[in-house]
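Report on the following structure.
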Amino acid sequence: MKIAVLLSGGVDSSVALRLLQQQGHDVTAFYLKIWLQDEFSFLGDCPWEEDLEFARAVCEQAGVKLEVLPLQDEYWAKVVSYTIAEIKAGRTPNPDMYCNRLIKFGDFYDKIDPMYEKVASGHYGMIEEKDGKHLLKISPDPIKDQTYFLAYVTPPQLKRALFPLGHYDKKQIRQFAKEFDLPNQIRKDSQGICFLGKIKFNDFVKFHLGEIKGDIINIDESKKVGEHQGYYYFTIGQRQGIKLHGGPWYVVKKDHINNIIYISRNKELLEVKRDSFYVRNINWIAGEPTDKKELRLKLRHGPRFYNCRLDLLNELDGFVKIEGFDRGIAPGQFAVFYDGEYCLGGGSIENEIPVGSERKLVDADVK
RNA sequence: UGCCGAGUCGUCUAACGGUAGGACAGCGGCCUUUGGAGCCGUAUGCGGAGGUUCGAAUCCUCCCUCGGCAG
């Protein structure tokens, strides 16, 4: 089979490449340039160069052709601009989610030769075909499982995708890397937003939005207790950076219009009230909404599942009530639903769904 | 500068005359392909000068500073 492999220079995608090659497939590696080097060249670090070097070394060792695909413009237009717009709107974006849907499994799909039957990546997640539908199943490695970030890829995208690492855990992948004697076998796992590299998220924000002094208000006493440098440096549930003693303080509310952030250390407020939200524009992996209401849920990448109840308002929007509470439920983040081991898809978290015909139904339901 | 009270890490707060500790903030690390969270580890302080005492944050004296009553 002719397969295009997304190669990042990291261990995972390199192992994926070798596994497919070992299985006898005709593989070609692609390195996507999405790093915004122009914008951040003044900061010095160029981690993408190191990534590319490793990608080259891996391909050379494997005797596989490597193509470098510049996608900075697309990336900027679709992911970075979205990220900035969301932050500016007082929301908390999830760039990697968009990157998967719009770049890695989006523009990249369209740019390469249709001859490539499959596009493979080093993601941890399993694809299962059932009744002509492609389903996404969680990885056996609960920590590495990346179905959360894959929940926003479309059904056609998933159909063409291939995750060779899907049924392994990280330990096994490291072992494979050793057996293949990969040049990057000891590299640390990457972390943080892919396009930022070593740049701190706050520096990125500062570069684009600067600083605007605003008030920090203790919501329990409706009293100003300090000042901050801009609402967009904070997100719901955040603790660090508030710089106030007497805490721990957590951000519980943002007013981006007036540049105010509200904080609390009140247990009641932090724990009891943070248990429900709306979801919008749900992407259904299988192409259609689930008919189940009691589901499992991830609010972020990681091993933690919540039990929840999902009441759909229509095919794309719904209201979610989780079992327990979570301090970091922030508009713009994504809620991803699971039925057992299967990732059903997910949508963005909202405080409310914009007015529409379905609205009444919601209010009635919520009481 | 006539009369009371109070001064301890950046902040808040402990320590019978017996090793100045904690919390939060900070910093460092771990974890994590988003934001966050969480975990571990750390620097920094008795307002000053004397005195009493084997030993003073603690008792005494003076000074300084800050509150308050007095005005």
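Below, chains carry the letters A, B, ... as their sequence lines are ordered, and counting in each starts from 1.
- On the P atoms, B:A56 is 32 Å away from B:G2, given to the nearest whole Å.
- Of the candidate nucleotides B:C30, B:G38, B:U33, B:U33 has the atom lying nearest to any side-chain atom of A:K144.
- Note: A:H123 and A:F105 meet the aromatic proximity criterion, with ring centroids under 6.0 Å apart.
- Separation of the C1' atoms belonging to B:G68 and B:G36 is 45 Å when rounded to the nearest angstrom.
- Between the P atom of B:G36 and the CZ atom of A:R91 lies a distance of 17 Å, rounded to the nearest Å.
- Per the geometry, CZ belonging to A:R300 stands 14 Å off P belonging to B:U33, to the nearest Å.
- The gap from the P atom of B:C3 to that of B:G18 amounts to 33 Å, rounded to the nearest Å.
- Proximity of A:Y250 to the phosphate of B:G38: a side-chain N or O atom is located under 4.0 Å from OP1 or OP2.
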Just to be sure I follow the notation: if a pair is Watson-Crick (purine N1 to pyrimidine N3 plus N6-O4 or O6-N4) or a G-U wobble (N1-O2 and O6-N3), each under 3.5 Å, what dot-bracket string does RNA chain B give, with | for pairs to another strand? ...((((..((((....[..)))).(((((.......)))))....(((((..]....)))))))))....
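- The pair A:E50-A:R187 meets the salt-bridge criterion, with a side-chain N (NZ, NE, NH1 or NH2) lying under 4.0 Å from an Asp/Glu carboxylate O.
- Of the candidates B:U33, B:G36, B:A37, B:U33 carries the atom nearest the A:N100 side chain, counting heavy atoms from C-beta on.
- Proximity note for A:Q146 (side chain, C-beta onward) versus B:A37, B:U33, B:G35: the nearest is B:U33.
- Mapped onto RNA chain B by nearest heavy atom, A:G237 and A:I143 fall at different nucleotides, with A:I143 at the one closer to the 5' end.
- B:A14 and B:G47 are spaced 15 Å apart, taking the P atom of each and rounding to whole Å.
- Taking atom P in both B:G71 and B:C60, the straight-line distance is 29 Å, to the nearest Å.
- B:G21 and B:A57: their P atoms are spaced 13 Å apart (whole Å).
- In this structure, the CG atom of A:D51 is 15 Å from the P atom of B:U33, given to the nearest Å.
- Taking atom CZ of residue A:F334 and atom P of nucleotide B:G36, one finds them 17 Å apart after rounding to whole Å.
- Distance noted for atom P between B:U11 and B:C69: 25 Å (whole Å).
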For a salt bridge (charged side-chain N to carboxylate O under 4.0 Å, His left out) check, start with the C-alpha distance between A:E341 and A:R296, then their side-chain angles and the critical distance, and finish with the verdict. CA-CA 9 Å; A:E341 307 286 287; A:R296 296 208 295 162; 3.7 Å; yes
Each nucleotide N or O in nucleotides 21-27 of chain B that has a protein N or O under 3.5 Å away: list the pair and distance.
| residue | atom | partner | partner atom | Å |
| --- | --- | --- | --- | --- |
| B:C24 | O2' | A:L244 | O | 2.9 |
| B:C24 | O2' | A:G246 | N | 3.0 |
| B:C24 | O2' | A:G247 | N | 2.9 |
| B:A25 | OP1 | A:R239 | NE | 3.0 |
| B:A25 | OP2 | A:R239 | NH2 | 3.1 |

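- Between A:H228 and A:F234, the distance separating the two ring centers is shorter than 6.0 angstrom.
- In this structure, A:L150 places its CG atom 13 Å from C1' of B:U34, rounding to the nearest Å.
- In summary, A:K2 and A:D113 do not engage in a salt bridge, as defined by a charged side-chain N under 4.0 Å from a carboxylate O.
- Counting non-hydrogen atoms under 4.0 angstrom, A:G328 reaches a base of the nucleic acid.
- What separates CD1 of A:I103 from C1' of B:U34 is a distance of 15 Å, to the nearest Å.
- Of the candidates A:Y148, A:F277, A:F149, A:Y152, A:Y152 is the only one forming a ring pair (Phe, Tyr, Trp, His ring centres under 6.0 Å) with A:F334.
- Side-chain contact annotation: A:Y233 with A:Q238, donor-acceptor N/O pair under 3.5 Å absent.
- As rounded to the nearest Å, B:G26 and B:G48 have P atoms that lie 28 Å from one another.
- For A:E179, there are no salt bridge (charged side-chain N to carboxylate O under 4.0 Å, His left out) partners at least two apart in sequence or on another chain.
- No engagement by A:F234 is indicated, since no non-hydrogen atom pair under 4.0 Å with the nucleic acid exists.
- A straight line from NZ of A:K104 to C1' of B:U34 spans 11 Å, rounded to a whole angstrom.
- The pair A:K170-A:D141 does not meet the salt-bridge criterion, since no charged nitrogen lies less than 4.0 angstrom from a carboxylate oxygen.
- One finds no salt bridge joining A:D12 and A:K144 here, because no Lys/Arg side-chain nitrogen approaches an Asp/Glu carboxylate oxygen to under 4.0 Å.
- Across B:U34, B:U33, B:G38, the shortest atom-to-atom separation from the side chain of A:N94 is found for B:U34.
- Between the CZ atom of A:F201 and the P atom of B:U33 there is a distance of 18 Å, rounded to whole Å.
- Note on ring orientation: taking the six-membered ring where Trp is involved, the planes of A:F337 and A:W284 are parallel (angle under 30°, cut-offs 30° and 60°).
- Note on A:Q333: a base of the nucleic acid sits closer than 4.0 angstrom, heavy atoms only.
- Closest to the A:P95 side chain, of the nucleotides B:G35, B:U34, B:C31, is B:U34.
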